[in-house]
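Only heavy atoms go into these numbers, but all of them, side chains included; no hydrogens, no water, no symmetry mates. Numbers restart at 1 for each chain; the letters A, B, ... are given by sequence-line order, proteins then strands.
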Amino acid sequence: MIHKKVETVNEALEGIQSGMTLMLGGFGLCGIPENLISALAQSSFENFTCISANVGVDDFGLGLLFGAKKIKKMYGSYVGENQEFERQLLSGEIEVSLVPMGTLAEKCRAAQMGIPAFYTPAGFGTEVALEKELRDFNGKTYLLETAFQSDFSLVKAWKGDEAGNLIFRGTARNFNPLMCGASSVTVAEVEELVPAGELDPNQIHTPGIFVDRIFQGKLYEKRIERRTTQNP
Amino acid sequence: MIHKKVETVNEALEGIQSGMTLMLGGFGLCGIPENLISALAQSSFENFTCISANVGVDDFGLGLLFGAKKIKKMYGSYVGENQEFERQLLSGEIEVSLVPMGTLAEKCRAAQMGIPAFYTPAGFGTEVALEKELRDFNGKTYLLETAFQSDFSLVKAWKGDEAGNLIFRGTARNFNPLMCGASSVTVAEVEELVPAGELDPNQIHTPGIFVDRIFQGKLYEKRIERRTTQNP
Amino acid sequence: MPLTKNQIAQRIAQELQSGFYVNLGIGIPTLVANHVPKEMAVEFQSENGILGVGPFPEAGKEDPDLVNAGKQTITPLPGSSYFDSAVSFGMIRGKHIDLTVLGAMEVSETGDIANWKVPGKLVKGMGGAMDLVASSENIIVAMIHTDSKGASKLLKKCTLPLTGVRCVKRIVTHLAVLDVVEGGFLLKERAPGVSVDEIQLATEGRLVVPKFVPEMIF
Amino acid sequence: MPLTKNQIAQRIAQELQSGFYVNLGIGIPTLVANHVPKEMAVEFQSENGILGVGPFPEAGKEDPDLVNAGKQTITPLPGSSYFDSAVSFGMIRGKHIDLTVLGAMEVSETGDIANWKVPGKLVKGMGGAMDLVASSENIIVAMIHTDSKGASKLLKKCTLPLTGVRCVKRIVTHLAVLDVVEGGFLLKERAPGVSVDEIQLATEGRLVVPKFVPEMIF
């Protein structure tokens with residue numbers, strides 16, 4: 001068994017540097033690497049390029065990194081819900097590249113799986129297709145999209161073992177498994193870290209080979225973005 | 001819940017016709033749709049084009065379809081272990097197209113996921129690259145490969161529910177999940193079929209949306225191709 | 001009487017068929033789920049990674065790990081499954097979703113749709129909308145026929161940045177049901193008590209009016 | 001003395017490092033697993049869909065759902081995982097495998113490899129070999145230096161249909177350890193008691209011989 005466990009979030013982030021490109025798992029505030037984001041927000045590093053589906057809210061999730069002015073460029077798909085992000089965007093402090101969500105997911109997966117490029121129909125006829133190469137297959141037009149290239153993937157799982165195997169929970173899975181192994185270094189924080197052999201090998205969502213470092217996260221807030229109930 | 005359960009293997013195969021292209025799950029004799037293969041071998045249909053990793057052995061797996069002379073063209077990756085297949089190949093009765101195994105897997109997945117084409121390095125500089133389009137990304141040369149197109153996917157899972165959700169077991173997973181939803185019609189046979197709601201939605205390998213028909217298989221032989229033990 | 005938003009959703013629910021996997025966008029489309037006949041087997045997909053979306057949870061039973069694409073807390077139904085975003089959009093791209101219902105700011109008479117960006121206003125992003133409209137073969141747009149200033153949203157040509165081209169099949173507005181056909185918007189049904197002239201007046205794009213245009217039936 | 005096949009595997013096992021994920025081909029490469037030092041953390045992948053391949057099962061405990069790429073029954077080790085073939089070859093293509101050990105029929109002095117097809121003989125197929133050699137950055141070939149007729153298998157140029165080009169980094173034969181470098185096969189080590197001349201004689205491709213060529217140490 002190849003041992004991936006580290007004790008602290010600082011150990012987990014060793015080697016990270018200003019100016020790097022980071023992938024961050026999560027959809028809105030669901031399934032985000034809370035401990036890693038907090039540590040980055042408090043670190044001295046900055047000028048990150050971030051790849052993530054969304055931008056969090058003002059005081060949580062990726063919002064903490066925008067609040068701490070750590071991000072200079074953002075690849076995302078839906079960037080509403082965060083006023084500080086909007087302010088920085090309007091003032092020109094940050095640059096944003098918007099990517100259709102399915103394309104974003106597949107660009108992460110392509111990086112993980114060693115596929116340099118693929119074709120997708122999303123964005124044909126729109127400004128997303130500008131400067132993209134187009135090609136017809138079976139009478140339909142597709143865009144050529146390439147794999148992301150990044151330095152660190154920061155993901156959050158429900159359970160993990162010391163071999164780096166991960167199991168996600170519910171819709172907190174989202175982009176997390178796709179970012180594992182899609183960067184030079186992948187760091188996973190988990191709610192519950194168990195010894196190797198305790199997870200059923202048949203139920204593992206992400207094999208440990210895609211994870212370089214794993215640690216037990218602390219004090220999960222798991223904030224709900226839109227609390228909706230049957231009888232509000 | 002959308003109900004996918006059918007009672008018999010014949011119902012499961014309704015609409016299949018001679019000359020169609022079929023995907024068949026399994027790796028060697030591991031994880032093969034035994035009931036579906038038997039029914040096809042005994043049917044009046046023929047001239048199939050088959051997509052499968054291997055060709056079975058003479059008297060089991062895909063070998064049953066070769067024995068019954070049901071296959072005219074085979075897309076596979078490793079085709080040893082079957083003498084009747086070899087005889088038909090040498091006599092020109094069947095045609096074979098060999099595909100690198102990773103490319104085979106990704107061509108199935110591409111069909112499933114609506115990706116018309118992708119680039120892979122496998123086969124560069126070899127006869128596999130003949131007539132393939134080549135392209136460089138980041139200093140390395142890749143081949144353009146397209147998604148498979150096929151009529152029926154025949155797969156085998158361990159457990160399934162009436163909504164078509166599938167869970168595979170061990171290395172019997174192999175190509176099975178990648179073929180679900182990769183053809184016009186997907187049929188799954190399972191060792192254990194349970195009502196919807198009995199499988200943990202977090203542990204499902206293939207969501208029911210990729211499966212059109214599901215049935216409880218019978219009399220699984222699950223033959224071992226190479227029985228190896230510690231003290232033989 | 002022009003339809004309420006809820007009635008637009010109710011009319012769209014009539015398009016559902018047993019066995020449909022459906023993706024509902026944010027806004028009016030979300031309301032469609034409230035109008036599914038009990039006996040009809042329909043499953044809702046939310047593109048963040050769940051198939052078999054159920055009702056909102058009871059108060060106190062919200063699970064932060066169970067949300068829909070609108071980030072609302074939800075519950076799973078029996079037969080549901082969770083998956084990653086690549087699989088989720090694979091379902092969409094691979095044409096496994098039978099019906100997509102979306103809101104729109106503009107639709108053109110050739111089926112183009114604009115629903116993600118207004119120049120000069122802050123962009124929130126396209127989310128999954130471009131994947132959905134580029135992939136689905138059965139797209140219904142749910143919207144109010146005109147904007148807040150009374151200007152038509154059914155146009156000869158969209159003026160806003162596009163989300164997708166030649167993709168919308170049917171439009172249900174507060175005034176009418178229209179199909180996008182060769183030649184323009186084919187008027188299929190009128191809202192109860194709404195005249196063809198009223199619809200014509202509210203439609204900038206070319207309206208194809210058959211001899212008889214029935215009223216919607218609820 | 002030229003090495004036995006088992007000794008070739010033993011010498012290759014010296015290339016393992018703690019933390020390596022390793023894919024072993026069929027034949028001599030399979031034997032490498034028998035020579036991993038107990039304290040070394042190495043995980044074996046089998047491309048049909050398991051990471052953490054363990055020993056063969058005890059008699060009577062064979063599981064038909066647990067086989068390796070050679071279709072042999074196996075057992076999983078603690079920390080193992082199962083996955084589909086797309087993920088499996090994603091590990092390979094995505095350069096997550098640290099070392100690939102393969103057999104070969106021919107290797108050229110530029111690192112080309114031929115190991116899947118002999119014209120005129122029945123083709124069994126490339127299986128996963130082309131994916132492996134096109135993707136891995138660390139490929140060791142394990143083979144007998146010469147064929148059954150004594151002809152060299154280390155050539156200027158391969159004569160058989162290729163599996164991959166410019167990909168082999170190191171070759172361990174029954175006579176020598178050689179690296180593929182600019183200029184040809186760099187002779188790194190000799191089998192105990194085997195002379196440089198013997199190796200030269202058995203090597204058709206250009207052999208680069210340093211002043212001192214140590215014997216292998218076991």
Novice: So which of D:V67, D:L66, D:T73 has the largest heavy-atom pair count under 4.5 angstrom toward chain B?
Specialist: D:T73

Novice: D:N68 versus chain B, heavy atoms under 4.5 Å apart: side chain, backbone, both or neither?
Specialist: backbone

Novice: Between D:H35 and D:N6, do the side chains contain an N or O donor and an N or O acceptor separated by less than 3.5 Å?
Specialist: yes

Novice: Looking at B:L29, B:L89, B:L104, B:N54, which one has more heavy-atom pairs under 4.5 Å with chain D than the rest?
Specialist: B:N54

Novice: Could you tell me whether a side-chain N or O of B:R226 sits under 3.5 Å from a main-chain N or O of D:G70, the two making a donor and an acceptor?
Specialist: yes

Novice: Does atom CZ of B:R135 have more than 12 heavy-atom neighbours from other groups under 6.0 Å away?
Specialist: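 Counting other residues, nucleotides and ligands, CZ of B:R135 exceeds 12 neighbours.
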
Novice: Quick one: what part of B:E221 sits under 4.5 Å from any heavy atom of chain D, side chain, backbone, both or neither?
Specialist: neither

Novice: Dump the intermediate steps for side chain to side chain contact (heavy atoms under 4.5 Å, CB included) on D:F20 and D:M40, then the final yes or no.
Specialist: CA-CA 9 Å; D:F20 266 19; D:M40 190 173 281; over 6 Å; no

Novice: Can you tell which part of B:T103 gets under 4.5 Å to a heavy atom of chain D, answering side chain, backbone, both or neither?
Specialist: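 Looking at B:T103, backbone and side chain both touch chain D.
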
Novice: Under 3.5 Å, is there a donor-acceptor pair between the B:D58 and B:Q83 side chains?
Specialist: no

Novice: I want to check something: taking the side chain as every heavy atom from C-beta on, are D:L16 and D:V36 in contact at a cut-off of under 4.5 Å?
Specialist: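 D:L16 vs D:V36: side chains touch.
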
Novice: If you round to the nearest 0.5 Å, how far is CD of D:Q72 from OG1 of B:T229?
Specialist: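 B:T229 OG1 to D:Q72 CD: 10.5 Å, rounded to 0.5 Å.
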
Novice: Give me the contact list for residues 44-61 of chain D versus chain B, heavy atoms only, anything under 4.5 Å, ordered by residue number.
Specialist: D:N48, D:G49, D:I50, D:P55, D:F56, D:P57, D:E58, D:A59

Novice: At under 4.5 Å between heavy atoms, what parts of residues 122-147 of chain D are in contact with chain B? List them by residue number.
Specialist: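 Answer by number: D:L122, D:V123, D:K124, D:G125, D:M126, D:G127, D:G128, D:M130, D:D131, D:A134, D:S135.
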
Novice: What distance do D:H174 atom NE2 and D:M1 atom CE have between them, rounded to the nearest 0.5 Å?
Specialist: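 Here the rounded value is 11.0 Å.
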
Novice: Consider only side-chain N and O atoms of B:E95 and B:Y75, and report whether a donor and an acceptor are under 3.5 Å apart.
Specialist: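 Absent: no donor and acceptor within the cut-off.
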
Novice: Among the options B:P121, B:A129, B:G31, pick out the one with the most heavy-atom pairs lying under 4.5 Å from chain D.
Specialist: B:P121

Novice: Main chain of B:C50, side chain of B:K73: is a donor-acceptor contact present, judged purely on distance under 3.5 Å?
Specialist: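 Pair absent, no side-chain N/O of B:K73 close to backbone of B:C50.
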
Novice: What distance separates B:F168 CZ from B:H205 NE2, expressed to the nearest 0.5 Å?
Specialist: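 Interatomic distance, B:F168 CZ to B:H205 NE2, rounded to 0.5 Å: 8.0 Å.
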
Novice: Using the ring of B:F148 (Phe, Tyr or Trp, six-membered ring only), decide whether B:K107 places NZ or CZ under 6.0 Å from its centre and within 45 degrees of its axis.
Specialist: yes

Novice: Keeping D:N115 on the side-chain end and D:G103 on the backbone end, is there a donor-acceptor pair under 3.5 Å?
Specialist: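 Yes, D:N115 side chain to D:G103 backbone: donor-acceptor pair under 3.5 Å.
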
Novice: For chain B, find its close neighbours in residues 177-187 of chain D: heavy-atom separation under 4.5 Å, sorted by number, or none.
Specialist: none

Novice: Heavy-atom count check: over 12 atoms from other residues, nucleotides or ligands less than 6.0 Å from B:Q149 CD?
Specialist: no

Novice: Looking at D:E106 and D:L160, would you say the former's side chain and the latter's main chain have a donor-acceptor pair under 3.5 Å?
Specialist: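 A pair under 3.5 Å: yes.
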
Novice: Using a 3.5 Å distance criterion without hydrogens, assess whether the side chain of B:T206 forms a donor-acceptor pair with backbone atoms of B:L166.
Specialist: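 Here the side-chain-to-backbone pair does not exist.
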
Novice: Looking at B:T186 and B:S153, would you say the former's side chain and the latter's main chain have a donor-acceptor pair under 3.5 Å?
Specialist: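 Between the backbone of B:S153 and the side chain of B:T186 there is no qualifying donor-acceptor contact (under 3.5 Å).
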
Novice: Has B:K72 got its NZ or CZ under 6.0 Å from the middle of the six-membered ring of B:F48, at an angle within 45 degrees of the ring axis?
Specialist: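 No - B:K72 does not lie over the ring of B:F48 by the 6.0 Å and 45° rule.
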
Novice: In residues 75-100 of chain D, which residues are in contact with chain B at a heavy-atom separation under 4.5 Å?
Specialist: D:Y82, D:F83, D:D84, D:S85, D:A86, D:F89, D:R93, D:K95

Novice: Is the distance between the ring centroids of B:F137 and B:Y119 under 6.0 Å?
Specialist: yes

Novice: Would you mind telling me which of B:V96, B:V99, B:V128, B:N176 has the largest number of heavy-atom pairs within less than 4.5 Å of chain D?
Specialist: B:V99

